[in-house]
Amino acid sequence: MKTRCSYVPYRKTGKFQPIVCDYLDQDPFLKPFYEAAPTLDNFQHFIHQKSQKTVDRVVLTEVLRDQYKQAGILDSIVEEQISKLLSEHTFTITTGQQTGILLGPLYSPLKIISAIKMSQELSNKYPQNQFVPIFWMATEDHDVAEIDHVWVEGQKLQWNSNQTGPVGRFSLDGMEEVLVQFDQIAGKSPDAVRLKEIFKNAYALPNLSLATRYIVHQLFGHWGLLVIDADDTRLKKAFAPIIIQDILEKNSFREVSQTKEKLEERYHSQVNGREINFFFLEDGYRERIVEEEGRFLTHDGKHSWNSEELKGLISEHPDKFSPNVLMRPLYQETILPNIAYFGGGAEISYWLELKGIFDHYRMPFPALMLRNSALIIDRRNTLRIEHARFQEEDLFKTRSELEKQIALSLSESDLELKNEFSDLTRLINQLKNHAQGFDTTLVSSAEALGKRLEDQLGRYSQKLIRAQKRASAIEINRLNEVFNHIYPGGTLQERKESISTFILRHSFLILDVIMDGCQPLEKSFLLIYQED
């Protein structure tokens, strides 16, 4: 498969919030909200910073080995990568996502590839250290609607499960129906057969966490990626003192509230912290903790403790306490020798609210990295784009803007009536000058006349453009096919279609193509065109 890659600066796509673009451009206003710019040279600072913080590497490696054994995939590559983590000169590059079935939308694999590629680049820059890419599965989340469906080739595959609580612990009852649907969509090509075998083996495992680990390993394990499920008592023991302190003292709520107040001078806040940012966790159950009249209880009232009872329970059973979106990053940095985190735009936004929490608990703040985004354009639509002479930036315009662009390009006339608008401006200025000479009250009348004529001329221009669109039906239809390809359901590919879609269309080689095109330190959207 022959492809070519192009890049469009993130800011020019119009797909990212101002705070994200400003962070990438190193706007001075945001400097207090992160540690240092994520440049290759600055990673020496992040390495030194993390070297000063103790991480229980023995426990970390024990947990990883156990989890890979449970999934039946503790091979030599995994063992070698896990063993690296015992060295104080090894650091991790982390990304994370919910455990969506079949890996969910394309952005999850894009996160993973970004972390892998960054690890490779750091290994070249700092050969005295080792860097291990990590995929952090958000197994404790309880938002089933986020993970129970996936889109493959434009068709929605739905996992019907009535389970509740932390999704990583879900049994896989009912996934057989999803696999049957996938089999019908995938066809019988060698790549389809291989993909079906991976999913069949994965969803024969006991729970969603193990299944997701298996799939991620099969697709990305040969690049040295490790997958971690932090829903483990041994890992949470290291975090237990912070859980106790934060619930009792409300430190995270105070720090985030102060940070939000500063950020909201310019930006809209991404997340809303609570006084207590932890859930109580059991099989089939995850309920946030609140404080009422000196007692701590789950929001539904099912469990209740005084402060001493709560401290004792956290010390003995830290696995029963789950961090929310604000505290999960701190938990991650507590148990991993981590120096960088890759997230999407929304994650970058809320991580910028967390620096105060990290400072309070004297935890090093990692390099904050925007994951790569990508459009994957097949051969047919590549040809259509070339025929229409679209520029890369055109692909991020709205459908209406592109239709207008096509209509204007196919007309020999000036449908926007630029000369006429220019003539009108001169005429109104002449009328205003006449009025200035003998009755200045008529100036406003001339301006009002000009506004009415401009509105009428504008409406007439729109009629001309609509007429040209009708005359350009063939070209417009081609545009709509391109648009539907890169914006399935009206949203970017990566937010809807799964990696399975692109493997089925382009073979497993598409993973290598994305890896080759990924540039994690660049501030650009990756466009991949198939050329044969």
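Everything numeric here is computed off the predicted structure, so don't read it as measured data. Atom set for the values below is all heavy atoms of this structure, side chains included, hydrogens, waters and symmetry mates excluded.
Under the side-chain hydrogen bond (donor to acceptor under 3.5 Å, both in side chains) criterion, N160 pairs with no residue, sequence neighbours left out. The salt bridge (Lys or Arg N to Asp or Glu O under 4.0 Å) test applied to D66 returns R234, not counting sequence neighbours. Checked against side chain to side chain contact (heavy atoms under 4.5 Å, CB included), L297 has the following partners two or more places apart in sequence or in another chain: V290, E292, S304. Taking K237 as the reference, nothing meets the side-chain hydrogen bond (donor to acceptor under 3.5 Å, both in side chains) condition, with sequence neighbours excluded. Residues meeting the side chain to side chain contact (heavy atoms under 4.5 Å, CB included) test with N306, sequence neighbours left out: R295, E308, E309.
Put simply, the side chain of H303 does not reach to within 4.5 Å of the side chain of F296, judged on heavy atoms. The closest side-chain heavy-atom distance from N207 to L172 is not below 4.5 Å. In this structure, the side chains of S500 and F182 come closer than 4.5 Å at one or more pairs of heavy atoms. Looking at W159 and H149, their side chains never come closer than 4.5 Å, going by heavy atoms from C-beta outward. Looking at R399 and N484, their side chains come closer than 4.5 Å, going by heavy atoms from C-beta outward. At a threshold of 4.5 Å between non-hydrogen side-chain atoms, the residues F321 and L313 count as touching. Residues P166 and T139 are not in side-chain contact: their nearest non-hydrogen atoms beyond the backbone lie 4.5 Å or more apart. Annotation: side chain of L235 is not in contact with side chain of F239 (no heavy-atom distance under 4.5 Å).
Residues K236 and D319 are not paired through a salt bridge, judged by the lack of any N-O separation under 4.0 Å between the basic side chain and the carboxylate. Salt-bridge formation is detected for the pair R65/E79: a Lys NZ or Arg NE/NH1/NH2 atom is positioned less than 4.0 Å from an Asp or Glu carboxylate oxygen. With respect to the salt-bridge test (charged N to carboxylate O, under 4.0 angstrom), the residues E35 and K355 qualify.
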Using distance only, find each side-chain donor-acceptor pair of residues 95-109 under 3.5 Å and give its atom names and separation, not counting sequence neighbours.
| from | atom 1 | to | atom 2 | distance (Å) |
| --- | --- | --- | --- | --- |
| T95 | OG1 | F342 | O | 2.8 |
| Q97 | OE1 | K111 | NZ | 2.6 |

Only pairs under 3.5 Å count here: list side-chain donor-acceptor contacts from residues 501-511, not counting sequence neighbours, and write none if there are none.
| from | atom 1 | to | atom 2 | distance (Å) |
| --- | --- | --- | --- | --- |
| T501 | OG1 | E153 | N | 2.9 |
| T501 | OG1 | E497 | OE1 | 2.5 |
| R505 | NE | E153 | OE1 | 3.1 |
| R505 | NH2 | E153 | OE1 | 3.2 |
| H506 | ND1 | Q530 | OE1 | 3.3 |
| S507 | OG | L509 | N | 3.1 |

*Is there a salt bridge (Lys or Arg N to Asp or Glu O under 4.0 Å) between K302 and E287 once you walk through the steps?*
CA-CA 9 Å; K302 183 177 179 181; E287 190 71 27; over 6 Å; no
*For side chain to side chain donor-acceptor pair (under 3.5 Å), just list the numbers for Q163 and S161, CA-CA rounded to whole Å, side-chain angles, deciding distance to a tenth of an Å, and then say yes or no.*
CA-CA 6 Å; Q163 298 175 76; S161 176; 2.9 Å; yes
*Step by step, would you call R169 with D231 a salt bridge (Lys or Arg N to Asp or Glu O under 4.0 Å)?*
CA-CA 9 Å; R169 302 182 187 182; D231 184 10; 2.8 Å; yes
*Evaluate the criterion side chain to side chain donor-acceptor pair (under 3.5 Å) for residue pair D191 and S189; output intermediate values, then yes/no.*
CA-CA 5 Å; D191 292 289; S189 71; 4.9 Å; no
*Test side chain to side chain donor-acceptor pair (under 3.5 Å) applied to S269 and E353, step by step*: CA-CA 8 Å; S269 176; E353 298 182 21; 3.3 Å; yes
*Determine, step by step, whether Y23 and Y34 satisfy the ring pair (Phe, Tyr, Trp, His ring centres under 6.0 Å) criterion, reporting the C-alpha distance in whole Å, the side-chain angles of both residues, the deciding distance to 0.1 Å, and the verdict.*
CA-CA 9 Å; Y23 170 71; Y34 60 92; 5.0 Å; yes
*Going through the distances and angles, do F278 and R288 end up as a side chain to side chain contact (heavy atoms under 4.5 Å, CB included)?*
CA-CA 6 Å; F278 290 89; R288 65 185 179 90; over 6 Å; no
*asked:* Under the criterion side chain to side chain contact (heavy atoms under 4.5 Å, CB included), I'd like the reasoning laid out for V216 against I112: C-alpha separation, chi angles, the key distance, then a yes or no.
replied: CA-CA 9 Å; V216 172; I112 291 170; 4.0 Å; yes
*May I have the step-by-step check of ring pair (Phe, Tyr, Trp, His ring centres under 6.0 Å) for F365 and W351, ending in yes or no?*
CA-CA 10 Å; F365 196 80; W351 268 80; 5.7 Å; yes
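Nearest approach of I357 to L326, heavy atoms of both residues: CD1-O, 4.3 Å.
Note on residues 215-227: pairs passing side-chain hydrogen bond (donor to acceptor under 3.5 Å, both in side chains), not counting sequence neighbours, are D75-H217. Applying the side-chain hydrogen bond (donor to acceptor under 3.5 Å, both in side chains) rule to pairs touching residues 174-183 yields D183-K196, sequence neighbours excluded. Among residues at least two apart or in separate chains, there is no ring-ring contact (aromatic ring centres under 6.0 Å, His included) pair with a member in residues 246-265. Residue pairs meeting the side-chain hydrogen bond (donor to acceptor under 3.5 Å, both in side chains) criterion with at least one partner in residues 323-338, sequence neighbours excluded, are T92-N338, T94-N338, D141-R328, N277-N324, E333-N338. Applying the salt bridge (charged side-chain N to carboxylate O under 4.0 Å, His left out) rule to pairs touching residues 246-255 yields K250-E291, sequence neighbours excluded.
Atom CD1 of I314 and atom CD1 of I244 lie 5.0 Å apart (nearest 0.5 Å). Between the CD atom of E275 and the OG atom of S257 there is a distance of 8.5 Å, given to the nearest 0.5 Å. In this structure, NZ on K117 lies 11.5 Å from OG on S119, to the nearest 0.5 angstrom.
Shown here is Q258, whose CD atom has more than 12 heavy atoms of other residues, nucleotides or ligands within 6.0 Å. By the 6.0 Å contact criterion, CZ on R274 is open, its count of non-hydrogen atoms from other residues, nucleotides or ligands being 12 or less. The number of heavy-atom neighbours closer than 6.0 Å to CD of E261, taken from other residues, nucleotides and ligands shown, is 12 or below.
Between Y285 and H142, the ring centre distance reaches or exceeds 6.0 Å. Aromatic pair F46/F91: centroids not less than 6.0 angstrom apart.
A donor-acceptor contact closer than 3.5 angstrom links the side chains of Q81 and K84. Under 3.5 Å, the side chains of E347 and Y341 contain a donor-acceptor pair of N or O atoms. Looking at S373 and E494, their side chains do bring a donor and an acceptor atom within 3.5 Å of each other.
Each of N381, N480, I376 was scored for a side-chain contact (heavy atoms from CB on, under 4.5 Å) with H485, with one residue passing: N381.
Between W305 and F280, the ring planes lie tilted relative to each other; the angle falls in the 30° to 60° range.
For the pair R11 and F16, the cation-pi criterion (under 6.0 Å, within 45° of the ring axis) is not fulfilled.
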